[in-house]
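Here the structure is laid out as structure tokens; the discussion comes afterwards.
Here the structure is a predicted model, which means the values were calculated and not measured. Throughout, a chain's letter reflects where its sequence line sits, starting with A, and its residues are numbered from 1.
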Amino acid sequence: MNITFTHEQMALQREVRDYMSILMTDTMREEMKDPEHFEGGGPEFRRLMKKMGKDGWIALSWPKEYGGREATPIEQYIFTEEVMKAGFPYPFLTTEAIGPVLADHGNEMVKKKVVQGILDGEVVIAIGYSEPDAGTDLASLKTRATQQANGNWLINGQKIWTSLANFSDYIWVAARTDQDAAKPHKGISMFLVPADNPGFSHTAIHTLGVRTNATYYQDLELSDEWRVGEINKGWGLITGQLNRERLSLVNHGPVYQLYQEVAEWAAANKNSGGEQLLNKAWVRGNLAKVKTGLQALRLICLKQAWAMGEGTLTMEQASAAKVYGTEFFVEAYRLLLEILGHNGLIQADSPGAILKGKLEHRYRVGSILTFGGGCNEVQREIIAGAGLWMPRGR
Amino acid sequence: MNFSYDENQLEIKQLADKIFSELANDERQKLVDASGSRFDPELWQQLAESGLLGIAIDDSYGGMGFNFESLCLLIEEAGRYVAPVPAIHNLVSAAMPIQRYANDAIKEQYLGPIANGKTLVTATLANDNSLNAIQNSNGDWIIDGHISCVPYAVYAQAVLLSATSEQGLVILLVELNADSKTLTLVEQQSTACEPWSQLHLQQHPIAAENIIASGDKAAECQAWAQQLTIAAQCAMATGLSDKMLRMTAAYTSQREQFGRPVATFQAVGQRAADGFIDIECLRLCTQEAISLLSHSVDNSNQSVINEAVTIANIWCGDICHRLSQSSQHLHGGIGVDRDYPLHRYCLWAKQLELSLGSSASSLEQLGDQIAAEFA
Ligand SMILES: Cc1cc2nc3c(=O)[nH]c(=O)nc-3n(C[C@H](O)[C@H](O)[C@H](O)COP(=O)(O)OP(=O)(O)OC[C@H]3O[C@@H](n4cnc5c(N)ncnc54)[C@H](O)[C@@H]3O)c2cc1C
């Protein structure tokens, strides 16, 4: 056992770090201040994505036939960490979750247009899974796709929380194609809906931390070439990439960076009584708790990435990382925000904001991940079942 | 980066598992418990004959010459069975510092017999400053004071101790089998029934050869031995907690109430899953600490090691507590019944939780380290 990076891995880390420090422009930071563009979609975001595509970064983990570098999962984890630390709203779900599915299951047209577009940094895809009545129980989704006599599909339904749909080029839509399937998840198929299809529309949903969308599919007519994978076999495409997706959700890098920034801030600032904050026992205690949790998160993530590379990643490991990481984030934001105190609540653009209001914003988005990406209760059921062989209820 | 064990290490793990499953199973441990003292000399002898006591002892002294990481695999298995043997005290806290710091005569005298199970050496290396040492004009030493909780002292031939002196800290080996008027052992009952003693030393003479280290070297030796001991305890806690959780999962899967296995209640499964996550955290932080301690050749990454060991100890205390309480809770009454094996695990978990620093004190230590880094 040797839990340290190889020289090559360290070199990659420096390479990405240097690259991102140049890539992340002031214009990009300015653009992100607009809530509409906080998760990307503005002109500078588009320009920088194309640059990353041209410089070969988007294809990092992709096979050589796509011009990729075939990075291992550990290398991809390192890349993710550095990109997240730089604060660039890189569309990981497009490049790491949907992209590979399209490459595996898409037809030649989809590969040429969409997959190549993703790798060139020109295509962003929104995910249309959740519906008003289908959240955790995704398989109960009602959006319906019916094949017409001419082979085209007619899609009707509503999706909710379709993030990025306000600027994305396609929506990756799960729709019911067999109303009578023996089990609900056996009647679902996957479609790529071009955002300029006239049957598609969206309205804004403003959440505490980010803007997202309700999306509508009204008599939306779609040629069969936009169906991906076999009819009624869509569920496997949804779940196939989940482990990989979950790992990028809980990357430890951004919280590690916040921890360092708060510790530096506590070393440079005093409380109202004139005492240096870093000298206070409770401040040290909070930092120590965050560091203790971070160490575990870092190792959990690295071990997972390693296991992925070895082909030995188990379901319970992936679920354990998701639960631990998302709940630790919430706890870490609290412990760090306690150190900043009341003034830590000043929003980013207001005078007096601490650390550019980052923690204030992190607090507002913190809760999403514990129920999103497969709610933690269900993850715990997976752990109890697959990891501990405990029988399930129901 | 590599999270797997090599073939030799996997063999050690298998061999340990085999011996413990034969000689540290519930039936046998009931006999050991009935004897009033949790030490099983026959099991110890079996471990010696299989070579496992010499894993980390140099081959020149009859050991296998593997590293600390390999030794910790034996210790994790000992935890999985709460084996009634002094694996950590003897093989880590005593043998490792003797091997690294003692003079050749002492090494010759003790390391071989430790590896072949003929001799047991114990250790108490907490920094409690309760022993005082004075050097005579002839170079020998006189020790005064008393310490508590010396494990296995009644079975050991010698104990490794630290004492304060005018020359600074000294680490010394005190022989226990001598029929001495200046040394008394008083047995103590501990929660986990590990044989403990109070050791009283009154003007007790120690030959100069038995001084293992003094001054700066002694402080270094003590800190190193403590770190190894903490890391080994964390390995033991990993095996122990993992087994508690597996027992809980198995028990709740067959125990029925309200007409169905209690494991099928969502709250039960969720709590067990939390245990699984906890153990994963403990295991990985422990492996990090052990791997750093095993592979570091110089002191260049001392602060990284200090931090990793402290963090592992924090997890150890928290997880020992959480897993033992949730296991008892999910078992219900049988979890506290002395006829069912879980109770041994829980008592041992409590001991590991508080040995060489609780979670709370380790957190303070880590906070101070962080403050020093950022100040
Ligand atoms: C900001 C934001 C962005 C999002 N982006 C996207 C996106 O891009 N694409 C997309 O498709 N979706 C997206 N989502 C939706 C997200 O995936 C869902 O919120 C999630 O699946 C949970 O569904 P729900 O909100 O309907 O909660 P529900 O399913 O109603 O669950 C609520 C709570 O009930 C409990 N619960 C539910 N089921 C169980 C169970 N089996 N056992 C025990 N407890 C249970 C849990 O505590 C859960 O948190 C986004 C959501 C938000 C807030």
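- Atom CD of residue Gln295(A) and atom OG1 of residue Thr310(B) lie 10.0 Å apart, to the nearest 0.5 angstrom.
- The choice from Gly393(A), Ala263(A), Ala320(A), Pro391(A) that makes the most heavy-atom pairs within less than 4.5 Å of chain B is Pro391(A).
- To the nearest 0.5 Å, atom CE of residue Met1(B) and atom CZ of residue Phe5(A) are 4.5 Å apart.
- Identified under the salt bridge (charged side-chain N to carboxylate O under 4.0 Å, His left out) test for residues 261-280 of chain A, with sequence neighbours left out: Glu261(A)-Lys358(A), Glu275(A)-Lys280(A).
- Distance CG/Leu287(A) to CG/Asp368(B): 11.5 Å, rounded to 0.5 Å.
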Exercise for the section: I would like to know whether Glu316(A) and Phe276(B) meet side chain to side chain contact (heavy atoms under 4.5 Å, CB included); could you show each step before the answer? Expected result: CA-CA 9 Å; Glu316(A) 62 271 23; Phe276(B) 182 94; 3.6 Å; yes
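- Heavy atoms closer than 4.5 Å to chain A are found in the side chain of Ser291(B), but not in its backbone.
- Between chain B and the residues Ile300(A), Thr6(A), Leu302(A), the largest count of heavy-atom pairs under 4.5 Å involves Leu302(A).
- Taking chain A as the reference chain and counting heavy-atom pairs below 4.5 Å, the highest number among Ile370(B), Leu282(B), Ile290(B) is found for Ile370(B).
- Nearest heavy atoms, Ala375(B) versus Leu278(A): N-CD2, 3.8 Å.
- No other option in Thr248(B), Asp274(B), Leu245(B), Ile314(B) has as many heavy-atom pairs under 4.5 Å with chain A as Asp274(B).
- At least one side-chain heavy atom of Lys289(A) sits under 4.5 Å from a side-chain heavy atom of Leu363(B).
- Checking Gln287(B), Glu288(B), His295(B) one by one against Met1(A), the side-chain contact (heavy atoms from CB on, under 4.5 Å) holds for a single residue, Gln287(B).
- Arg246(B) and Gly387(A) get closest at one heavy-atom pair: NH1-O, 2.9 Å.
- Glu381(A) and Gln266(B) are linked by a side-chain donor-acceptor pair at a separation below 3.5 angstrom, with hydrogens and angles left out of the test.
- Between chain A and the options Cys285(B), Pro261(B), Gly275(B), Ala360(B), heavy-atom pairs under 4.5 Å are most frequent for Cys285(B).
- The CG atom of Asn2(B) lies 7.0 Å from the CG atom of Asn2(A); values are rounded to the nearest 0.5 Å.
- In this structure the side chain of Trp389(A) never reaches within 4.5 angstrom of the side chain of Ser253(B), judged on heavy atoms.
- Taking CD of Gln270(B) as the reference point, atom CG of Asn376(A) lies at 9.0 Å (rounded to 0.5 Å).
- Contact check for Glu364(B) versus Arg284(A): no side-chain heavy atoms found under the 4.5 Å cut-off.
- Heavy atoms from other residues, nucleotides or ligands lying under 6.0 Å from OH of Tyr363(A) number 12 at most.
- Between atom CD1 of residue Ile3(A) and atom CG of residue Leu284(B) there is a gap of 7.0 Å, rounded to the nearest 0.5 Å.
- More than 12 heavy-atom neighbours from other residues, nucleotides or ligands sit within 6.0 angstrom of CD on Gln254(B).
- Annotation: residues 327-344 of chain A contacts chain B through no residue [non-hydrogen atoms, separation under 4.5 Å].
- For the options Gly385(A), Ala296(A), Gly309(A), heavy-atom pairs under 4.5 Å to chain B are most numerous at Ala296(A).
- For Asp6(B), no part lies under 4.5 angstrom from a heavy atom of chain A.
- Your options are Gln9(A), Glu377(A), Lys303(A), and the one with the most heavy-atom pairs under 4.5 Å with chain B is Lys303(A).
- Contacts between Ile74(A) and chain B at a heavy-atom distance below 4.5 Å involve the side chain alone, from C-beta outward.
- At a 4.5 Å heavy-atom cutoff, Ala312(B) makes no contact with chain A through either its backbone or its side chain.
- In this structure, the portions of Gln260(A) lying under 4.5 Å from any heavy atom of chain B include both its backbone and its side chain.
- Between Lys291(A) and Glu307(B), the closest side-chain pair of non-hydrogen atoms falls below 4.5 Å.
- Below 30°, between 30° and 60°, or above 60°: for Phe374(B) and Tyr259(A) the angle between ring planes is above 60°, a perpendicular geometry.
- In this structure, the portion of Thr252(B) lying under 4.5 Å from any heavy atom of chain A is its side chain and not its backbone.
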